[in-house]
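The next block holds one structure in the form of structure tokens; read it before the comments.
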Amino acid sequence: MAFFDRYRRGFLLVKQSWHVLNQDKRLLAFPILSAVCTFAVFLSFAVPIASSEKVQDFLSEQNYIVEAADFAILFLFYFLIFFVITVFNAALISCAITSLRGGKPTLIGGMKAALTRLPQILAWSLLSATVGVLLRVIESRFPLVMRLFAMFAGFLWAVASYFAVPVMVAEGLGPLGAVKRSVTIIRKTWGEALVINLGLNALFALMLFIVGLPFFVIGPLGDNRLVLAYLACVVVFFILVALIGTTLTTIARSAIYCYAVDGKAPSGFDAQWLSTAFRQR
């Protein structure tokens with residue numbers, strides 16, 4: 001019962017996050033810009049790499065040898081992706097924290113707040129890219145046991161760094177200090193924010209499953225135009241769900257961070273439900 005109760009609290013926190021987003025829909029601009037810029041970075045690497053001889057060797061499984069240069073390119077790719085995502089995530093978190101503390105955020109103000117933390121964001125991107133490449137090296141070079149270890153280590157890193165960006169934005173700590181502070185908040189909240197993510201992901205998966213069900217009815221009809229039109233609608237729906245879901249979880253994460261630091265419920269959130277996330281051990 002306690003497990004499902006935590007999920008219920010998570011859904012309630014997400015519901016309250018929706019009210020915050022509903023009051024200022026401009027917050028969706030940051031995930032949209034992040035997605036566009038991330039896709040641009042992906043294309044800038046994918047197009048030249050796809051036409052290279054090494055990719056042809058990889059696809060044909062002939063004469064393909066992973067070299068140090070491959071990991072250097074992977075590191076640069078990870079760094080740029082993490083940098084783009086973190087910049088816009090920091091801007092969104094800054095606006096969310098401003099709103100949760102009773103202020104009136106602006107898109108320009110959010111970007112300015114993110115850019116003031118540019119040294120921390122650059123250092124964080126370097127650290128994240130390094131961790132990502134190291135885990136990738138372990139997965140590609142070592143036996144199955146080490147691959148499982150790399151997956152588990154990646155999970156632990158994701159958990160430990162869950163509040164790292166809010167800490168960098170609000171407190172100006174460097175990457176290592178932000179991760180250490182994030183772990184402290186995770187312990188204090190008993191992982192409530194992680195339950196929010198699990199609950200929200202489960203909800204979105206259910207929504208996508210329900211939306212995808214008609215495909216099994218439309219597919220056998222054999223009308224290609226109808227199938228393509230339906231798939232286009234599913235893709236658009238998926239993108240909208242991803243953008244809204246990212247924004248809601250970021251607002252909820254910011255709300256828990258504010259409660260952990262300020263000791264009072266942020267604007268638009270119920271103190272009773274937030275307080276259940278901070279039980280004493």
Which heavy atom of [X] sits nearest a heavy atom of [Y], and at what distance?
X	Y	result
Ile97	Ala170	CD1-CB, 4.2 Å
Ala113	Thr116	O-OG1, 2.5 Å
Pro266	Ala255	CG-O, 3.5 Å
Pro166	Arg253	CG-CD, 4.0 Å
Phe83	Ser125	CA-OG, 3.1 Å
Pro105	Gly103	CD-O, 3.5 Å

Between [atom1] on residue [X] and [atom2] on residue [Y], distance to nearest 0.5 Å:
X	Y	atom1	atom2	result
Gln23	Lys104	CD	NZ	11.5 Å
Leu21	Ile251	CG	CD1	5.0 Å
Phe152	Leu135	CZ	CG	12.5 Å
Leu243	Phe238	CG	CZ	10.0 Å
Ile85	Thr38	CD1	OG1	4.5 Å
Ser17	Leu100	OG	CG	8.0 Å

Going by heavy atoms in the side chains, are [X] and [Y] under 4.5 Å from each other?
X	Y	result
Ser99	Asp24	no
Met111	Val87	yes
Ile121	Trp124	no
Ser34	Asn89	no
Ile185	Val167	yes

Connected via hydrophobic side-chain network under 4.5 Å: [X] and [Y]:
X	Y	answer
Leu148	Leu134	no
Ile108	Leu118	no
Leu28	Ile93	yes
Leu122	Val84	yes
Ile73	Ile81	yes

Output yes when a side-chain donor or acceptor of [X] lies under 3.5 Å from a complementary backbone atom of [Y], and no otherwise.
X	Y	value
Arg26	Leu107	no
Thr250	Thr246	yes
Ser182	Ala178	no

### Query
Step by step, would you call Ile244 with Trp18 a side-chain contact (heavy atoms from CB on, under 4.5 Å)?
CA-CA 9 Å; Ile244 294 174; Trp18 172 261; 3.9 Å; yes

### Task
With side-chain contact (heavy atoms from CB on, under 4.5 Å) as the test, would you mind laying out the steps for Leu173 and Lys180 before giving the verdict?
CA-CA 10 Å; Leu173 295 180; Lys180 183 178 180 181; over 6 Å; no

### Task
Give the ring-plane orientation class for Phe77 versus Phe45, where under 30° counts as parallel, over 60° as perpendicular and anything between as tilted.
perpendicular

### Task
Measure the acute angle between the ring planes of Tyr78 and Phe82, then classify it against the limits of 30° and 60° as parallel, tilted or perpendicular.
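Taking Phe82 first and then Tyr78, their aromatic rings stand perpendicular (interplane angle over 60°).
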
### Task
Using the side-chain contact (heavy atoms from CB on, under 4.5 Å) rule, take Arg181 and Val261 through it: C-alpha gap first, then chi angles, then the decisive distance, then the call.
CA-CA 11 Å; Arg181 181 90 167 94; Val261 173; 3.6 Å; yes

### Message
Would you say CH2 of Trp157 has more than 12 non-hydrogen atoms from neighbouring residues, nucleotides or ligands within 6.0 angstrom?
### Response
yes

#### Entry: Residue Phe75 excluded, over 12 heavy atoms near CZ under 6.0 Å
yes

